[in-house]
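Ligands are counted one by one from 1 in listed order, and the atoms in each one are counted from 1 as well.
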Amino acid sequence: MFCDLHMHSTASDGTDSPEMLPQLAKAAGVNAIALTDHDTTSGLDACAGACGECEIDFVPGIELSIDPGRPMGTLHLLGYFVRQDSEALNGIIKALHESRTSRNPRIVKRLQELGIDITEEEVLGHADGATIGRPHIASILHEKGYVKTIKEAFTRYLGASGAAYTRRDKIQPEDAIAAVHDAGGLAVLAHPVQLRLPSEDAIEQKIASLRDMGLDGVEVMHSDHTPTDVKYFTKLAERLNLMATGGSDYHGTRKTVKLGSQNVPYSIYERLEGARDS
Ligand code: AMP
Ligand code: ZN
Ligand code: FE
Ligand code: FE
């Protein structure tokens, strides 16, 4: 039996609806899923209902964009088994939403200055979910032929070294971890390789400091992780007394990653489920 504890729907930058994901999971032989849309819980109720119909176990989740503390890396925090009535978590979701609402127009303006034909209305029209971000802009650049791939859109324009890169205010890790806990959830560091830290010492220090803030687990299996990474982070999680989790980070057609592709054992879901009560 398998689970997949990391995926996105049209509520953020995935291309499948929250109702559709459980059917796709069932077809892929996955028995438990977590929906972890960027900075929103708006898809959770619909996905929970569809999981019930498919007889698949459901983890209501979220993936929060956190200040990585250095210019290049990415720090994403997964919240698992979060309730939607937490004032602290809803406050963070609101702050993240506002930071996006102010950033997207700045990116569009910069692209226009670079001679690209794109408008804010187009970007809004391209997303039907709550969380609109760079992947939606990347899709427009791709469809209009400015870039050959989504990846090229990030390299040339939208990524940290791109010509239209625009920072946005980010949430501090201690606040995000506390908010996930306030919502009754477990806080897990997503895809630690994306922190882009220079050494194993730096990685261990960073994860230990997050654990001291209350982090509960580390995502050890992920599409960006090599088999060596998986072994390394599994050991590190053990040493730091953190839970190990895993997921594909499926985004539908926006990325090549397949739902269920990490073959995460169902026992990882069971352990997470068990930890939530204690
Ligand atoms: P945003 O939420 O607007 O900051 O955009 C983050 C999203 O962009 C995440 O889903 C990333 O997976 C995606 N992303 C970041 N860098 C790249 C890249 N080089 N190629 C493709 N997708 C990327
Ligand atoms: Zn995404
Ligand atoms: Fe992520
Ligand atoms: Fe993700």
Side-chain angles (χ1 to χ4, degrees), residues 4-16 21 33-41 43 59 61-68 71-80 93 95-108 110-111 123-124 126-127 129-142 147-171 173 176 187-196 218-219 221-225 245-259 261-262 264:
D4 188 337
L5 303 176
H6 191 155
M7 66 187 68
H8 297 267
S9 76
T10 48
S12 66
D13 59 351
T15 57
D16 295 299
L21 289 170
I33 62 168
L35 179 60
T36 53
D37 274 310
H38 297 284
D39 310 334
T40 183
T41 52
V59 181
I62 189 165
E63 182 173 19
L64 298 167
S65 315
I66 311 299
D67 186 348
M72 293 309 282
T74 295
L75 203 177
H76 284 170
L77 186 79
L78 295 160
Y80 286 131
I93 291 171
L96 284 163
H97 185 79
E98 281 163 8
S99 81
R100 284 177 183 282
T101 317
S102 70
R103 179 175 74 156
N104 289 329
R106 282 184 284 137
I107 298 178
V108 168
R110 184 74 193 110
L111 288 170
V123 176
L124 295 175
H126 221 81
T131 303
I132 303 171
R134 289 176 292 167
H136 301 105
I137 301 175
S139 291
I140 296 173
L141 295 177
H142 181 236
V147 291
K148 290 200 184 69
T149 61
I150 298 290
K151 199 174 173 61
E152 188 191 342
F154 276 88
T155 317
R156 279 181 63 187
Y157 297 110
L158 304 170
S161 311
Y165 181 68
T166 311
R167 285 183 64 88
R168 66 184 161 103
D169 301 332
K170 290 243 173 93
I171 302 295
V188 172
L189 174 65
H191 42 61
V193 290
Q194 289 189 17
L195 288 168
R196 300 255 174 276
V218 176
E219 184 176 51
M221 303 173 82
H222 181 273
S223 311
D224 287 352
H225 287 188
T245 72
S248 64
D249 210 353
Y250 176 71
H251 277 73
T253 57
R254 218 181 292 279
K255 293 189 183 176
T256 53
V257 167
K258 292 205 169 62
L259 203 165
S261 53
Q262 288 299 307
V264 181

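Under a 3.5 Å cut-off, the side chain of Asp39 and the backbone N or O of Ser65 do form a donor-acceptor pair.
Ring planes of His8 and His38: parallel class, angle under 30° (limits at 30 and 60°).
For the pairing with His191, the side-chain hydrogen bond (donor to acceptor under 3.5 Å, both in side chains) check across His222, His76, His225 returns one residue only, His76.
In terms of heavy atoms, Thr36 sits closest to Glu63 at O-CB, 3.5 Å. Between Ser248 and Tyr250 the shortest heavy-atom distance is OG-N, 3.1 Å. Of all heavy-atom pairs between Leu189 and Leu77, the closest is N-CD1, 4.3 Å.
A salt bridge is defined here as a Lys NZ or Arg NE, NH1 or NH2 lying under 4.0 Å from an Asp or Glu carboxylate O, and Asp13 with Arg254 fails to meet this definition.
Protein contacts to the Fe ion (ligand 3) involving N, O or S atoms at a distance below 2.8 Å are Glu63 OE2, His76 ND1, His191 NE2.
From Leu35, atom CG reaches atom CG of Leu5 across 11.5 Å, with rounding to the nearest 0.5 Å. For the atom pair Ile93 CD1 and Thr131 OG1, the distance stands at 8.5 Å (nearest 0.5 Å).
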Please tabulate protein-ligand N/O pairs under 3.5 Å for ligand 1, atom names and distances to 0.1 Å.
residue, atom, partner, partner atom, Å
ligand 1, 2 (O), Arg100, NH1, 3.2
ligand 1, 2 (O), Arg100, NH2, 2.7
ligand 1, 3 (O), Arg100, NH1, 3.2
ligand 1, 3 (O), Arg103, NH2, 2.7
ligand 1, 3 (O), Arg134, N, 2.8
ligand 1, 4 (O), Arg103, NH2, 3.0
ligand 1, 4 (O), Arg134, NE, 3.1
ligand 1, 4 (O), Arg134, NH2, 2.9
ligand 1, 5 (O), Arg134, NE, 3.4
ligand 1, 10 (O), Asp13, OD2, 2.9
ligand 1, 10 (O), His38, NE2, 3.1
ligand 1, 10 (O), His251, NE2, 3.4
ligand 1, 12 (O), Lys255, NZ, 2.4

